[in-house]
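All values below come from the heavy atoms of this structure, side chains included, with hydrogens, waters and symmetry mates left out. Note that the structure is a prediction, hence the values are computed from the model and not measured.
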Amino acid sequence: MDTDYTLTLDSLSSAQKLSLQSFLSSIEPFIYKQLSENQNPKIRQSFAEYSNRNNQYKKHVQRIRDSICLRQTLSRADHNNIHDHKQDSGDDSGVNELGGLCLDCNSNESRIAVGFGSKTSHHAWCLHSSLIVVWNLNQAAVEHQIEIASCCTSIAYHAQLDNMLAFGLFNGTICVYELDNDGNCMLNQQLCSNHAYHTEAITALQWIAGHKLISTSMDGKLLIWSMHYNQLSQPILTHALRIHDADTMATPISHICIQYSRDSHFVLSTQCGALMSCLLHVDIDIDDGDGSNRSTAMSTSTQLQVRDGSFGFADVVAFNFYKNLMSDQLSPMKKKKNEIEIKRKIEKYLKLHRDIQILALSDLFACFAMNELVLYPRINTKLSYHHHDRCFVNRMQFSPFSSNIFLTSSVNGYIRIYSIFASKPMIELNYKNTKLFDAQWSPKRPCIIAAINDEQQLMIYDLLLFPHRLIPMHVTKIQFADDANKKKDTLKRLKNLRFTKSGTKICVMDNDGQVYIYEMCNELVEYNPNELKHLKRLT
């Protein structure tokens, strides 16, 4: 039975009537003022415009949700011919014990390379044998399989040469392959066979202008290799991340991102989530041709011999390497002592090898192979950014449209967007406190960011709506290829995310190595001329 709590004036006492009358008298001026303001046509127009924009946004989001769809799935079941591949760890487990650790798409969007490795964490040295699987997207079939002696930790296609693939392994080895259109191997170059190079897991590989390759590792070293100069036989520049002058041990580097327009400026991250802005001069005078004749001799400018005091150098690259060793970021007194030690080492080497008249790059490596403090000078750090609450940073990337803006994502669930001129992030994005595993800028639209989380969700952010809307404009739940096996799904998660170069597709990989390719709708691909201005205004 409902109770009627309606009060009438007759039921009120005299004191209650006086109190009500006093209250109504106090609010009457405010009510009349607001009613009169509501009659203003500008307010009515603003409300109508807001309602119209809100309705348009809802329709826009609904169109996007209806237009992002799964176009292709590259499943491990499609390459059963490698299921007999065995690991060298002494057990009977096959390739099914391996999981996908990294992936990348080539420049013409015809191939996807997936690097496999052990699903379990490494408590000691890696004893697994593993695989690189190259998919042909036009045929939806495995085109090439490369057996490797350790787990693959990083992979990168060349930015222009769509057949050239570099990948790094847990044991510190870097391999470069070039495949023809039939999947046959034309180039098989193995780097870091020398103990003076990387000695621990490769964490990042990135091709830059001039067919040069940058590699970082958990040993704290940063190496720059050149395809034109010496066929990647030795790095042309070497550095190590040491925070203080007195440090003898390098700090492990977990990720690197490089400006698209200026290869000399980049950002590093460490295991604990620290972010540092660094500056390197990598614009060495090397032939920047199209790479069609990489076995030819060096360009004339590179062959030019250089002298520095009593030392002669075979070319500009060797001379720049020597000057780089002298440029360690030390105090003036320590720097002078360091220069004297370097010259003494070279003089001793030349006395032992009297047949050497001029120093080549290989001679400098042989001279300082046992002295890593000299061979790997400190990286010049310019600025430290506020880090991700001591959380591991799993992605860093400069915006393809602005050399001053970069994003980071970490397992604490935040996408942070920084300006290189400010230590604090300009924008922070978080969705339901989920863990993030990867994030990337769209190569087609400046304000679009894609990310994946631990809830099997592909999220699309549009910064054009920021700061009014901080949540993703689109969220897709990714259904794993073996959803029938619910027990196995509890162990599966998303691992990596990549846009294709045209920005029309997103490739998402789970930790089993299966790839899901989603096609983007026109609204997420068509360039808006106001986006870049909006992004720069935000940052």
- Under the criterion side-chain contact (heavy atoms from CB on, under 4.5 Å), which of Leu458, Ile452, Leu436 is the partner of Leu494? Ile452
- Item | Backbone N/O of Glu455 and side chain of Lys477: donor-acceptor pair under 3.5 Å | yes
- Message: To the closest 0.5 Å, what do you measure between OG1 (Thr434) and CG (Asn453)?
- Response: 4.0 Å
- Query: Side chains of Pro472 and Ile460: closer than 4.5 Å at any heavy-atom pair?
  - Reply: no
- Message: Are the side chains of Ile420 and Phe398 in contact, using a 4.5 Å heavy-atom criterion?
- Response: yes
- Message: Are Phe406 and Phe266, when compared by the centres of their aromatic rings, separated by less than 6.0 Å?
- Response: no
- Message: I'd like to know if the side chain of Ser226 reaches the main chain of Tyr229, judged simply by a donor and an acceptor atom lying under 3.5 Å from each other, with no hydrogens or angles considered.
- Response: yes
- Message: Between Trp441 and Tyr461, is the ring centroid distance below 6.0 Å?
- Response: no
- The reported gap from CD1 in Ile417 to CG in Leu535 (rounded to nearest 0.5 angstrom) is 6.5 Å
- Query: Looking at side-chain heavy atoms only, is the closest gap between Tyr414 and Tyr431 below 4.5 Å?
  - Reply: no
- Message: Taking side-chain contact (heavy atoms from CB on, under 4.5 Å) as the definition, give me every residue that meets it alongside Ser442, ordered by chain and number, with sequence neighbours left out.
- Response: Lys444, Arg445, Ile448, Phe499
- Task: Spell out, as yes or no, whether a donor-acceptor pair under 3.5 Å connects the side chain of Asp162 to the backbone of Ser107.
- Result: no
- Message: Closer than 3.5 angstrom, by distance alone: can the side chain of Lys536 be matched with the main-chain N or O of Lys533 as a donor-acceptor pair?
- Response: no
- Apply side chain to side chain donor-acceptor pair (under 3.5 Å) to the pair Asn404 and Ser402, showing each step before the final yes or no. CA-CA 5 Å; Asn404 299 329; Ser402 175; 4.7 Å; no
- Do Arg498 and Asp104 have side chains that get closer than 4.5 Å, going by heavy atoms? yes
- Any idea how His158 and Trp207 line up, ring-wise: parallel (<30°), tilted (30 to 60°), or perpendicular (>60°)? tilted
- Short side-chain donor-acceptor distance under 3.5 Å, Ser254 and Gln271: no
- Query: Between the side chain of Gln456 and the main-chain N/O of Ile478, is any donor-acceptor distance below 3.5 Å?
  - Reply: yes
- Query: Is there side-chain contact between Asn496 and Val114, with heavy atoms separated by less than 4.5 Å?
  - Reply: no
- Task: Any chance you could measure Tyr385, atom OH, to Leu383, atom CG, to the nearest 0.5 Å?
- Result: 5.0 Å
- Would you check if the distance from the ring center of Tyr177 to the ring center of Phe167 is below 6.0 Å? yes
- Message: Test your reading of the model: is there a side-chain donor-acceptor pair from Asn171 to the backbone of Ser150, 3.5 Å cut-off?
- Response: no
- Kindly compute the distance separating CD1 (Ile174) from CG (Leu213), expressed to the nearest 0.5 Å. 6.0 Å
- Going by heavy atoms in the side chains, are Leu268 and His255 under 4.5 Å from each other? no
- Message: For a side chain to side chain contact (heavy atoms under 4.5 Å, CB included) check, start with the C-alpha distance between Gln234 and Ile236, then their side-chain angles and the critical distance, and finish with the verdict.
- Response: CA-CA 6 Å; Gln234 290 163 329; Ile236 60 173; over 6 Å; no
- From Ile214 atom CD1 to Ile224 atom CD1, the distance as rounded to the nearest 0.5 Å: 4.5 Å
- Message: Assess the residue pair Ile506 and Met520 against the criterion (side chain to side chain contact (heavy atoms under 4.5 Å, CB included)); give the C-alpha distance rounded to whole Å, side-chain angles, the decisive distance to 0.1 Å, and a yes or no.
- Response: CA-CA 7 Å; Ile506 299 179; Met520 309 281 282; 3.3 Å; yes
- Item | Lys495/Asp512 ion pair, N-O < 4.0 Å | no
- Message: Test your reading of the model: is there a side-chain donor-acceptor pair from Ser410 to the backbone of Cys391, 3.5 Å cut-off?
- Response: no
- side chain to side chain contact (heavy atoms under 4.5 Å, CB included) assessment of Thr199 paired with Lys221: CA-CA 9 Å; Thr199 56; Lys221 298 174 184 175; 4.2 Å; yes
- Item | Residue that, paired with Ser215, satisfies side-chain contact (heavy atoms from CB on, under 4.5 Å) out of Leu205, Leu222, Ile256 | Leu205
- Message: Checking the side chain of Thr203 only, and the main-chain atoms of Thr216 only, is there a donor and an acceptor separated by less than 3.5 Å?
- Response: yes
- In chain order, what residues pass the side-chain contact (heavy atoms from CB on, under 4.5 Å) check against Glu109, with sequence neighbours excluded? Thr500, Lys501, Ser502, Thr504
- Message: What verdict does the salt bridge (charged side-chain N to carboxylate O under 4.0 Å, His left out) test give for Glu428 and Arg416, after you've listed the backbone C-alpha separation in whole Å, the side-chain angles of each residue and the deciding distance to 0.1 Å?
- Response: CA-CA 5 Å; Glu428 291 187 345; Arg416 290 190 168 105; 2.8 Å; yes
- Task: Please check if the side chain of Glu531 supplies one atom and the backbone of Cys447 the other of a donor-acceptor pair under 3.5 Å.
- Result: yes
- Task: Check the pair Asn394 / Ser409 against side chain to side chain donor-acceptor pair (under 3.5 Å), numbers first and verdict last.
- Result: CA-CA 6 Å; Asn394 48 40; Ser409 70; 2.6 Å; yes
- Item | Within-4.5 Å side-chain heavy-atom neighbours: Gln440 and Ile449 | no
- Message: In the structure I gave you, are the side-chain heavy atoms of Val508 and Val515 within less than 4.5 Å of one another anywhere?
- Response: no
- Message: Given the ring of Tyr518, does Arg71 sit roughly above its face, with NZ or CZ under 6.0 Å from the centre of the six-membered ring and within 45° of the axis?
- Response: no
- Task: Could you walk me through whether Ile517 and Leu137 pass side chain to side chain contact (heavy atoms under 4.5 Å, CB included), step by step?
- Result: CA-CA 10 Å; Ile517 303 175; Leu137 295 183; 3.7 Å; yes
- Item | Distance in Å, Leu165 CG paired with Leu161 CG, rounded so as to fall on 0.5 Å steps | 12.0 Å
- Query: Tyr157 and Met164: which non-hydrogen atoms are nearest, and at how many Å?
  - Reply: CD2-O, 3.3 Å
- Query: Do other residues, nucleotides or ligands put more than 12 heavy atoms under 6.0 Å from Lys424 NZ?
  - Reply: no
- Applying side-chain hydrogen bond (donor to acceptor under 3.5 Å, both in side chains) to Thr251 and not counting sequence neighbours gives none
- Between Asp454 and Arg493, is there a side-chain N and carboxylate O pair less than 4.0 Å apart? no
- Query: Looking only at atom types and distance, does a side-chain atom of Asp510 sit under 3.5 Å from a main-chain N or O of Gln514, one as donor and one as acceptor?
  - Reply: yes
